[in-house]
Amino acid sequence: MEHVTGLRCVICHSVYTPDPALYVCPHHGQEGILDVEYDYDRIQHKLGGVAAKRPLSTHWQEKGMFAYRPFLPVAHNTPSPPLLVGATPLYPAPRLAKQANVAHVWVKDDGRNPTASFKDRASALALMKAREAHADIITTASTGNAAAALAGLAASTGQKTVIFVPATAPAAKIAQLLVYGATVLLVEGTYDDAFDLCLAASESFGWYCRNTAYNPYMAEGKKTVIYELYDQLLAQNAWPPTHIVVSVGDGCIISGVHKGLRDLKAIGLLSEMPRLIGVQAAGSAYLYEAWQRNEDVLTKPPIAASTVADSISAGLPRDRVKAITAVRQTNGAFVRVSDEEILAAIPTLAQGSGVFAEPAAAATWAGLQRAVADGLIQPDARVVLLVTGNGLKDVKAAMSAVGKAISVPADLTAVHNALAGLLL
Ligand SMILES: *Cc1c(COP(=O)(O)O)cnc(C)c1O
Ligand SMILES: [Zn+2]
């Protein structure tokens with residue numbers, strides 16, 4: 001890991017030597033999230049040099065996120081899990097662009113990952129770091145997707161997991177955990193309660209902890225989406241986009257996206273940073289509020305979070321320091337969308353692009369429309385929507401956003417009658 005120079009506390013900026021038992025800054029506890037720092041000359045050397053207009057990788061379709069291993073904080077001999085993580089499609093969506101009144105929209109469909117969410121990128125790295133730490137058990141708290149991702153990746157290598165999820169998590173996500181053979185604890189409480197319980201358990205039992213933001217390596221897995229985006233947009237002669245729209249709960253995805261962009265800037269493949277647009281649900285808008293009111297996220301108290309978009313429900317976003325920095329440093333913005341707008345976005349995104357998203361992921365489409373309406377995004381913008389989770393994760397929410405199907409007896413005349421005035 002000679003390309004990793006240290007782990008820097010986001011609060012006091014102290015730099016620490018990587019150690020499997022070191023998750024957060026000893027002086028700042030859970031707020032003292034660590035950011036992995038690199039020697040970019042070494043990364044460039046490992047990449048065999050980089051040049052503008054040249055792809056970073058020519059085999060990302062087969063290797064997914066591990067095509068970009070020189071950027072990952074893992075030892076050279078740590079095996080990667082066998083599942084294909086990343087290598088997700090990027091679809092141009094001209095009809096959505098027209099609807100939103102911007103020049104270009106691309107949909108990055110990360111719901112195509114092995115467990116159907118973006119979280120696979122982080123959990124794949126968790127598996128590798130746990131292996132380096134010789135851990136018997138990996139644990140995590142999650143609103144559902146991070147847990148499903150960990151359980152799935154762990155199943156691919158035979159690793160044991162213990163998972164803490166709120167008892168209210170959507171059934172599909174709980175089903176994934178059980179199918180993959182995780183030991184599942186349904187916590188009678190919120191995600192925030194599950195998070196604290198998981199931390200206490202991991203300390204008490206010596207388990208490797210994947211908790212989002214607390215574990216410094218999760219954003220490093222998430223950042224890989226940016227290298228793929230680079231290779232995909234470069235192939236269309238469209239790098240870089242002007243805006244990337246990301247839904248935000250704990251804020252780890254937007255921090256990871258920012259990290260990937262900073263990496264590319266450091267090696268000379270990005271001159272102008274895309275603006276990061278963080279989308280929050282109105283019922284879970286901690287970061288939106290803090291950004292609007294210019295509040296200090298280290299002193300702002302938790303809020304009571306409640307939204308249909310379970311994956312972005314977070315009363316105290318764990319990665320709030322990095323997330324607000326990502327938006328501020330890229331001259332981006334936070335926007336807030338209602339549950340009604342999020343639900344309505346599921347069918348409009350699907351019908352405008354063919355991509356079926358879970359509520360938290362469809363929120364990006366609602367967020368783009370809001371950002372355009374608020375004048376935050378101009379008509380010449382070239383926008384990437386990061387779709388972070390597949391719609392089949394939460395069928396109940398999707399069904400509440402669409403009309404009823406037409407019931408007919410098995411009879412052609414009935415079909416004729418039912419469609420009269422509709423299609424015929
Ligand atoms: C986790 C998740 C998010 C939000 O990511 P954070 O790092 O918590 O901000 C968004 N969408 C989906 C589908 C997720 O699973
Ligand atoms: Zn510190």
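Start at 1 and go down the list; that is how both ligands and their atoms are numbered. Counting begins at 1 with the first residue of the sequence.
- Using cut-offs of 30° and 60° on the angle between ring planes, the pair Tyr23 and Tyr208 is tilted.
- The shortest side-chain heavy-atom distance between Leu287 and Val297 falls under the 4.5 Å cut-off.
- At most 12 heavy atoms of other shown residues, nucleotides or ligands fall within 6.0 angstrom of atom NE2 in His45.
- Separation of the Tyr68 and Tyr227 ring centroids falls under the 6.0 Å cut-off.
- Within the protein, the N, O or S atoms lying under 2.8 Å from the Zn ion (ligand 2) are Cys9 SG, Cys12 SG, Cys25 SG, His28 ND1.
- Taking the ring axis of Tyr214 as reference, the NZ or CZ atom of Arg318 does not stay both within 45° of it and closer than 6.0 Å to the ring centre.
- A donor-acceptor contact shorter than 3.5 Å links the side chain of Ser123 to the backbone of Leu150.
- Both the sub-6.0 Å distance and the 45° axial angle are satisfied by Lys300 relative to the ring of Tyr286.
- A donor-acceptor contact shorter than 3.5 Å is absent between the side chain of Glu37 and the backbone of Gly6.
- Applying the side chain to side chain contact (heavy atoms under 4.5 Å, CB included) test between Phe118 and each of Val225, Val387, Val85 identifies Val225 as the sole match.
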Could you go through ligand 1 and note, for every N or O atom, any protein N or O atom closer than 3.5 angstrom, writing the atom names and distance to 0.1 Å, or 'none'?
unit_1	atom_1	unit_2	atom_2	d
ligand 1	7 (O)	Cys252	N	2.8
ligand 1	7 (O)	Ile253	N	2.9
ligand 1	8 (O)	Asp250	N	2.8
ligand 1	9 (O)	Gly249	N	2.8
ligand 1	9 (O)	Asp250	N	3.3
ligand 1	9 (O)	Gly251	N	2.7
ligand 1	11 (N)	Thr388	OG1	2.7
ligand 1	15 (O)	Lys119	NZ	2.7
ligand 1	15 (O)	Asn145	ND2	2.8

